[in-house]
Chemist: 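After the structure tokens below, expect a handful of questions from me.
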Amino acid sequence: MDTKLRPVELHQLHQCGNVRNYHKGDLVFAEGEPADNVYFIEQGQCSVFLHEFTNRVEIGQLGCGEFFGEMAVINQGKRTASVVAISDATLTVINRDAFLTLLNADGHLSDTIKRIIARRTEELVLKENLLTTVGIKGNNLQISIKGDPSLRETAFMRERYESLVDKVLPELVAKLKILLLERCISEVFLQFNSGEIRLTSILDPFNYEIHPANKLIDDAYLDRHFPVLAYAEKARLIRRLYDTLAAEFSNVALPKNYKDVFQHHYQSWQPLAQEEIAKVIDKLPVLRSIPDFYLRNMGISMTRDAIRMQFNCDGTHIIGTQDYSRFLTDNIGLQGAA
């Protein structure tokens with residue numbers, strides 16, 4: 001979807017606001033200021049940036065046909081970033097009341113602006129939601145969350161113990177693949193230290209079950225708890241659930257931009273490829289036996305392109321499955337991970 005307004009649409013905005021000229025280096029507004037106006041760029045470029053301690057961090061550049069400042073106006077908040085002209089620029093400035101009137105009007109221009117805002121809101125939600133972020137197909141999707149520094153400092157002094165999971169891991173690997181690829185399970189979270197495995201079933205997707213690792217290697221136990229369900233059928237049920245949620249939006253008091261965000265997510269959702277699941281699960285024994293570094297827990301779901309891993313050196317890593325092998329090679333020294 002195009003995220004820029006055309007010249008004819010920019011010209012239409014003149015009747016709603018005022019045209020202002022900015023020189024290169026002029027500050028348009030600063031972080032923390034009241035949000036009174038929305039700015040549409042007719043000519044030139046602007047930089048959006050934050051101040052982190054003494055550093056100025058640019059978070060984006062905008063050019064002709066793009067606009068900014070609308071989210072704080074809609075939410076009646078303060079500016080969450082600063083904007084400066086990085087070239088001579090011509091902006092159409094529309095105050096809060098005029099902009100809200102424009103959004104509520106009928107017509108192509110209003111619809112176009114609302115579609116762009118909905119797309120931006122979706123992108124912001126995705127950026128702020130770590131697991132969804134790595135669910136987007138793309139390159140170099142890796143997020144690390146640092147934990148307690150004192151744990152990292154003592155990681156190599158702590159003795160490693162064989163857990164209940166380690167004792168059954170070769171058999172467990174095969175069963176985990178069966179659960180995700182051939183049974184009703186849609187998500188697995190494996191905890192090596194406690195020996196617990198948290199499982200989410202497509203038949204009860206809003207809850208999870210906890211099972212001991214040594215039970216899951218028993219075929220009769222699997223048959224009692226986890227009925228056979230083809231991977232394609234699980235994906236179909238997830239799509240049906242998303243369709244049902246989308247159909248109910250007309251009865252739910254949510255802002256339209258939120259509805260648009262989730263409807264786009266529902267429509268574009270794809271299950272994680274089965275071969276990616278098998279590749280991740282097959283590497284578990286190796287990840288537990290690496291000298292110095294070893295896996296403490298791991299989560300994987302068919303609903304998103306993401307793997308959550310935590311190692312003994314503390315901190316959590318969320319990795320896109322397409323980057324899984326490269327992550328192992330680059331960060332753990334595991335050669336031939338592909």
Side-chain angles (χ1 to χ4, degrees), residues 1-3 70-77 99-138 141 179-189 198-210 225-274 276-277 299-306 308 318 320-321:
M1 185 186 77
D2 193 359
T3 57
E70 79 286 352
M71 297 306 296
V73 166
I74 292 172
N75 296 325
Q76 300 183 16
F99 181 70
L100 295 178
T101 299
L102 172 62
L103 287 185
N104 292 322
D106 295 325
H108 174 76
L109 178 59
S110 175
D111 290 342
T112 300
I113 293 174
K114 285 186 285 190
R115 282 197 300 271
I116 294 173
I117 292 174
R119 182 61 176 168
R120 286 184 177 178
T121 302
E122 177 184 14
E123 292 173 351
L124 180 60
V125 169
L126 294 177
K127 288 177 181 178
E128 292 177 335
N129 183 331
L130 296 182
L131 286 182
T132 307
T133 299
V134 294
I136 306 172
K137 297 296 183 183
L141 293 172
L179 287 170
L180 282 166
L181 300 178
E182 303 174 15
R183 302 288 177 121
C184 63
I185 296 303
S186 60
E187 183 168 353
V188 169
F189 185 75
R198 191 171 70 203
L199 302 173
T200 301
S201 169
I202 191 64
L203 305 177
D204 190 10
F206 303 112
N207 290 303
Y208 61 82
E209 307 169 7
I210 295 178
H225 290 270
F226 313 108
V228 172
L229 195 59
Y231 198 79
E233 184 68 3
K234 289 193 289 186
R236 186 188 69 82
L237 290 173
I238 293 171
R239 289 195 179 95
R240 284 291 302 273
L241 176 60
Y242 284 155
D243 289 343
T244 300
L245 288 171
E248 288 294 322
F249 275 178
S250 59
N251 302 318
V252 179
L254 284 176
K256 184 178 183 302
N257 58 312
Y258 284 97
K259 294 181 180 180
D260 292 341
V261 165
F262 285 104
Q263 284 179 332
H264 181 269
H265 169 63
Y266 298 159
Q267 293 168 1
S268 61
W269 177 81
Q270 293 292 330
L272 182 59
Q274 296 183 59
E276 297 291 347
I277 290 177
I300 184 170
S301 171
M302 66 175 288
T303 62
R304 53 184 174 263
D305 178 23
R308 178 193 182 279
I318 302 172
T321 55

Chemist: Would you compute the distance between atom CG of Leu199 and atom NE2 of His225 and round it to the nearest 0.5 angstrom?
Modeler: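 Output value for this atom pair is 10.5 Å.
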
Chemist: Minimum heavy-atom separation for Pro271 and Arg239, please, with both atom names.
Modeler: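 Reported closest heavy-atom pair: CD-NH2, 3.5 Å.
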
Chemist: I'd like to know whether Gln274 forms a side-chain contact (heavy atoms from CB on, under 4.5 Å) with Leu180, so could you lay out the CA-CA distance, the side-chain angles of the two residues, the decisive distance to 0.1 Å, and finally the verdict.
Modeler: CA-CA 9 Å; Gln274 296 183 59; Leu180 282 166; over 6 Å; no

Chemist: Please check: side-chain N/O of Ser186 versus main-chain N/O of Met302, any donor-acceptor pairing under 3.5 Å?
Modeler: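 Checking the backbone N and O of Met302 against the side chain of Ser186, no donor-acceptor pair under 3.5 Å is found.
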
Chemist: Where is the tightest heavy-atom contact between Leu237 and Leu229, given as atom of each residue plus distance?
Modeler: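 In this case the closest contact between Leu237 and Leu229 is CD1-CD2, 4.1 Å.
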
Chemist: From Glu187 CD over to Leu272 CG, what is the distance, rounded to the nearest 0.5 angstrom?
Modeler: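 Between atom CD of Glu187 and atom CG of Leu272 there are 11.5 Å.
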
Chemist: List the atom of Arg183, the atom of Lys234, and the distance in Å for their closest heavy-atom pair.
Modeler: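 Smallest heavy-atom distance, with atoms named: O-NZ, 2.8 Å.
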
Chemist: In Å, rounded to the nearest 0.5 Å, how long is the span from CD1 of Ile202 to CD1 of Ile238?
Modeler: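 Here the interatomic distance stands at 4.0 Å.
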
Chemist: Tell me if a side-chain donor or acceptor on Ser201 pairs with a main-chain N or O of Ile185 at a distance below 3.5 Å.
Modeler: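 No; zero donor-acceptor contacts below 3.5 Å.
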
Chemist: Does atom CG of Asp204 have more than 12 heavy-atom neighbours, drawn from other residues, nucleotides or ligands, at distances under 6.0 Å?
Modeler: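 Buried by this count: over 12 neighbours within 6.0 Å.
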
Chemist: Quick check: does any side chain N or O of Ser110 sit under 3.5 Å from a backbone N or O of Asp106, one acting as donor and the other as acceptor?
Modeler: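 Side chain of Ser110 to backbone of Asp106: no pair is present.
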
Chemist: How close do Leu103 and Lys114 get, counting heavy atoms only, and between which atoms?
Modeler: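 Heavy atoms of Leu103 and Lys114 come nearest at O-NZ, 3.2 Å.
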
Chemist: Using the ring of each side chain (for Trp, its six-membered ring), is Tyr242 parallel, tilted or perpendicular to Trp269, with breaks at 30° and 60°?
Modeler: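 Aromatic pair Tyr242/Trp269 classed perpendicular.
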
Chemist: Would you say Leu203 and Pro227 make side-chain contact, with heavy atoms under 4.5 Å?
Modeler: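 Leu203 vs Pro227: side chains touch.
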
Chemist: Any chance you could lay out the side-chain contact (heavy atoms from CB on, under 4.5 Å) test for Ile74 and Phe99, step after step, and finish with the verdict?
Modeler: CA-CA 9 Å; Ile74 292 172; Phe99 181 70; 4.2 Å; yes

Chemist: To the nearest 0.5 Å, what is the distance between CZ on Phe262 and CZ on Phe249?
Modeler: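 If I round to the nearest 0.5 Å, the distance is 7.0 Å.
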
Chemist: Only counting residues at least two apart or in another chain, list the ones meeting salt bridge (Lys or Arg N to Asp or Glu O under 4.0 Å) with Arg236.
Modeler: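 Partners of Arg236 under the salt bridge (Lys or Arg N to Asp or Glu O under 4.0 Å) test: Glu233.
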
Chemist: How far does CD of Glu248 sit from CG of Asp243, to the nearest 0.5 angstrom?
Modeler: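 Rounded to the nearest 0.5 Å, the CD-CG separation comes out at 12.0 Å.
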
Chemist: How long is the span from the NE2 atom in His108 to the CZ atom in Arg115, to the nearest 0.5 Å?
Modeler: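 Here the rounded value is 6.5 Å.
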
